[in-house]
K.L.:
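Got a structure for you, written out below as structure tokens; questions coming shortly.
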Amino acid sequence: MTAEPHNTTRLRGLKKRSQFLRAARGIRAGRASFALQAIASEHELPGIGFTVTKKTGNSPERNRIKRRLRAAAGACATGFQPQHDYVLVGRREALAAPFDELVNDLTGLLTRVHTKKADGLRNQRP
RNA sequence: CCAGUUGACCGGGUGACCGCUCCACGUAAGUGGAGAGGAAAGUCCGGGCUCCAUCGAAAUACGGUGCCGGCUAACGGCCGGCGAGGGCGACCUCAGGGAAAGUGCCACAGAAAGCAAACUACCCCGUUCCGACGGGGAAAAGGUGAAAGGGUGCGGUAAGAGCGCACCGCGGACCUGGCAACAGGGACGGCACGGCAAACCCCACCGGGAGCAAGACCAAAUAGGGAUGACGCGGCGCAAGCCAGCCGGUUUUCGAGGCCUGUCAUCCGGGUUGGUUGCAUAAGGCCCUUGGUAACAAGGGUCUCAGAUGAAUGGUCACCACGCGGGGGCAACCCCGCCCUACAGAACCCGGCUUACAGGUCAACUGGCGUU
């Protein structure tokens with residue numbers, strides 16, 4: 001599977017704690033303002049969730065980080081592959097980072113994650 | 001104009017593009033509407049509501065509150081008043097019931113810390129080896145302390161002392177004003193009655209517990225706990241029925257012993273997951289009138305005002321306002337840059353309290369300076 005864009009932009013929100021824990025076992029990649037976790041799933045639509053821990057800041061700051069990440073995810077929604085779950089872990093730098101940087105980081109991380117995954121699959125085969 | 005006190009309020013705006021949640025309409029595509037706070041916070045009090053317990057109430061224990069009057073559904077809240085302390089003043093602060101019900105404590109220092117006593121020093125008498133010692137008087141002086149048993153002055157005395165007197169303080173029958181807390185006056189009393197109740201305690205009043213993850217309902221799948229009914233093998237019996245066993249399960253393991261005993265259907269019960277409800281028309285907001293100093297109450301009009309659940313109420317950009325810095329200009333103002341704004345995000349709902357808060361607005365009042 002390559003990282004070529006698909007035509008649907010619809011995303012499926014992750015809601016259960018078990019879904020988040022499962023995604024945490026997947027492939028990880030990070031930048032200054034957030035980290036990305038991805039894992040294969042059975043659903044056709046790509047699933048996406050957001051995690052900002054309490055030590056990142058107080059409630060308005062955490063809300064703002066989530067909203068900016070959600071907007072960035074909407075901006076490059078075509079980069080998410082079907083049959084995968086993604087979790088974005090927000091960091092404090094996401095509060096002040098320029099929006100274009102967030103979008104660029106996310107698209108870069110998406111391609112990186114998927115090439116990593118392809119390499120992993122190749123290595124598993126003897 | 002400067003300095004200050006108190007109270008109330010705002011706490012960004014507009015536009016464009018792209019989105020989220022709910023509601024209404026629509027078969028649908030979609031269209032329209034609504035969408036965080038003054039503290040949503042801390043979870044410190046008080047309620048509504050729900051379940052549990054309980055006949056209801058009271059008492060014991062425990063906890064809370066504590067000047068007086070009022071307001072309120074209620075409060076530890078609010079309003080008004082009183083007292084004490086602070087400030088030139090506007091005004092601010094207050095764990096503000098009872099110390100003659102009882103118990104206890106009052107560190108250090110000091111002779112002595114609650115009952116009156118007496119270390120130094122004072123006075124008188126006696127003795128004397130002239131250093132002092134003994135007996136008595138007295139509580140003014142010294143020193144200690146947060147506090148030393150009224151203060152100051154005069155008289156008085158051997159020295160002194162409310163011993164006597166004047167003023168002040170204290171207690172105080174009673175009188176006056178006030179609903180009251182309390183305030184004012186005060187015969188009389190020679191002074192007796194120190195402080196701590198954020199020490200125990202006493203008095204008065206209040207309080208059952210847990211909380212929306214409360215609670216109610218629905219649907220799935222899973223496990224197979226209980227009840228009822230039907231059906232089956234062996235023995236006995238005409239029958240209804242009774243009895244025993246095989247297989248298996250359970251009793252933590254093994255043995256013994258005990259118990260249940262198979263299949264199907266229905267109902268009940270239990271936990272898990274998901275959904276619905278609880279859930280926003282309420283001690284409701286705004287405006288006006290009346291009563292009240294006020295808190296507030298009564299009446300009338302008008303409005304419907306967030307309902308998420310990995311949790312919506314936004315993201316990006318531009319301009320403007322405000323503020324700050326720099327430059328130009330006599331000035332009004334103009335240009336550039338920065339922050340593109342504080343504290344902070346509803347989670348069942350109300351009434352309060354407390355804490356946080358960049359910047360700004362208004363009103364009333366106080367003190368000072370200047371002008372008329």
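Just so it is clear: chains get the letters A, B, ... in the order the sequence lines come, proteins before strands, and each one is counted from 1. Because only heavy atoms are used, hydrogens play no part in the values below, and waters and symmetry mates are left out as well, while side chains stay in. Quick caveat, the model's predicted, so the values are computed rather than measured.
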K.L.:
Please round to the nearest 0.5 Å and tell me the distance separating atom CD1 of I27(A) and atom CD of Q37(A).
P.N.:
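I27(A) atom CD1 to Q37(A) atom CD measures 11.0 Å (nearest 0.5 Å).
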
K.L.:
Figure out the CD1/P separation between I48(A) and rG310(B), and round it to whole Å.
P.N.:
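That distance rounds to 17 Å.
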
K.L.:
For a 4.5 angstrom cut-off between non-hydrogen side-chain atoms, does Y86(A) reach L109(A)?
P.N.:
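Result no, sub-4.5 Å side-chain heavy-atom pair not found.
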
K.L.:
Please collect all salt bridge (Lys or Arg N to Asp or Glu O under 4.0 Å) contacts where either partner lies in residues 96-109 of chain A, sequence neighbours excluded, each pair once.
P.N.:
R31(A)-D105(A)

K.L.:
Checking base pairs now: Watson-Crick or wobble, both atom distances under 3.5 Å. What partners rA59(B)?
P.N.:
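Because no pair has both required distances under 3.5 Å, rA59(B) counts as unpaired.
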
K.L.:
Would rA36(B) be called syn or anti here, given the cut-off of 90° from 0?
P.N.:
syn

K.L.:
Does anything in residues 58-74 of chain A pair up under side-chain hydrogen bond (donor to acceptor under 3.5 Å, both in side chains), and if so which pairs, sequence neighbours excluded?
P.N.:
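side-chain hydrogen bond (donor to acceptor under 3.5 Å, both in side chains) check on residues 58-74 of chain A returns E61(A)-R92(A).
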
K.L.:
Taking only residues two or more places apart in sequence or in another chain, which ones pass side chain to side chain contact (heavy atoms under 4.5 Å, CB included) with A32(A)?
P.N.:
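In terms of side chain to side chain contact (heavy atoms under 4.5 Å, CB included), with neighbours along the sequence ignored, A32(A) is linked to no residue.
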
K.L.:
For the C1' atoms, the ones on rG195(B) and on rA173(B), what distance do you get once it is rounded to whole angstrom?
P.N.:
29 Å

K.L.:
Rounded to the nearest 0.5 Å, what separates atom CG in L102(A) from atom CZ in F34(A)?
P.N.:
6.0 Å

K.L.:
Going by purine N1 to pyrimidine N3 plus the second Watson-Crick contact, or the G-U wobble pair, all under 3.5 Å, which nucleotide sits opposite rG85(B)?
P.N.:
rC92(B)

K.L.:
For rA111(B), does the glycosidic angle fall within 90° of 0 (syn) or outside that (anti)?
P.N.:
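Base orientation relative to the sugar is anti.
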
K.L.:
Rounded off to whole Å, could you give me the CG-to-P distance for the N104(A) and rU316(B) pair?
P.N.:
15 Å

K.L.:
Using a 90° cut-off around 0 for syn, call rG38(B) syn or anti.
P.N.:
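For rG38(B), whose glycosidic angle is within 90° of 0, the conformation is syn.
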
K.L.:
Should rG271(B) form a Watson-Crick or G-U wobble pair with both distances under 3.5 Å, which nucleotide is its partner?
P.N.:
none

K.L.:
Any idea if rC154(B) is syn or anti, going by the 90°-from-0 cut?
P.N.:
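Anti conformation for rC154(B).
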
K.L.:
I need the CZ-P distance between R62(A) and rA40(B), as an integer number of Å.
P.N.:
19 Å

K.L.:
Rounded to the nearest angstrom, tell me the gap between atom NZ in K66(A) and atom P in rA308(B).
P.N.:
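So the two atoms are 17 Å apart, to the nearest Å.
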
K.L.:
Quickly work out the L95(A) CG to rC340(B) P distance and round it to whole Å.
P.N.:
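One finds 11 Å between P of rC340(B) and CG of L95(A), rounded.
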
K.L.:
With P as the reference atom in both, quote the distance from rA161(B) to rG151(B) in angstrom, rounded to an integer.
P.N.:
11 Å

K.L.:
Which of the following nucleotides, rG315(B), rA311(B), rG310(B), is nearest to the side chain of R68(A)?
P.N.:
rG315(B)

K.L.:
If pairing requires Watson-Crick or G-U wobble contacts with both distances under 3.5 Å, which nucleotide is the partner of rA166(B)?
P.N.:
rU152(B)

K.L.:
Please determine, for rC365(B), whether a Watson-Crick or G-U wobble partner exists with both distances under 3.5 Å, and give it or none.
P.N.:
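Checking every strand shown, rC365(B) finds its partner in rG4(B), with both distances under 3.5 Å.
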
K.L.:
Atom CG in L95(A), atom OG in S33(A): separation rounded to 0.5 Å?
P.N.:
10.5 Å

K.L.:
CG of L102(A) versus P of rG315(B): gap in Å, rounded?
P.N.:
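The answer, rounded to whole Å, is 12 Å.
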
K.L.:
With a 4.0 Å cutoff (strictly under), does any side-chain N or O of R70(A) reach OP1 or OP2 of rA311(B)?
P.N.:
yes

K.L.:
Going by purine N1 to pyrimidine N3 plus the second Watson-Crick contact, or the G-U wobble pair, all under 3.5 Å, which nucleotide sits opposite rC133(B)?
P.N.:
rG126(B)

K.L.:
Can you measure from CG (L88(A)) to CD1 (I48(A)) and round to the nearest 0.5 angstrom?
P.N.:
5.0 Å

K.L.:
Which atoms of nucleotides 341-345 of chain B (N or O only) lie under 3.5 Å from a protein N or O atom, and what are those distances?
P.N.:
| from | atom 1 | to | atom 2 | distance (Å) |
| --- | --- | --- | --- | --- |
| rG345(B) | OP2 | S59(A) | N | 3.4 |
| rG345(B) | N7 | N63(A) | ND2 | 2.9 |
| rG345(B) | O6 | R67(A) | NH1 | 3.1 |

K.L.:
With rounding to whole Å, what would you report as the distance between rG85(B) and rA107(B) at their P atoms?
P.N.:
28 Å

K.L.:
For rA240(B), give its Watson-Crick or G-U wobble partner with both distances under 3.5 Å, or none.
P.N.:
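With both distances under 3.5 Å required, rA240(B) matches none.
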
K.L.:
In whole angstroms, how far is the P atom of rC17(B) from the CG atom of D100(A)?
P.N.:
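Those two atoms, CG and P, are 20 Å apart.
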
K.L.:
As a test of the definition: with a 90° window around 0 for syn, would you call rG131(B) syn or anti?
P.N.:
syn

K.L.:
What integer number of Å spans the C1' atoms of rG69(B) and rC49(B)?
P.N.:
34 Å

K.L.:
What does rG76(B) pair with, Watson-Crick or G-U, if both distances are under 3.5 Å?
P.N.:
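Answer to the pairing question: none, since rG76(B) forms no Watson-Crick or G-U pair.
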
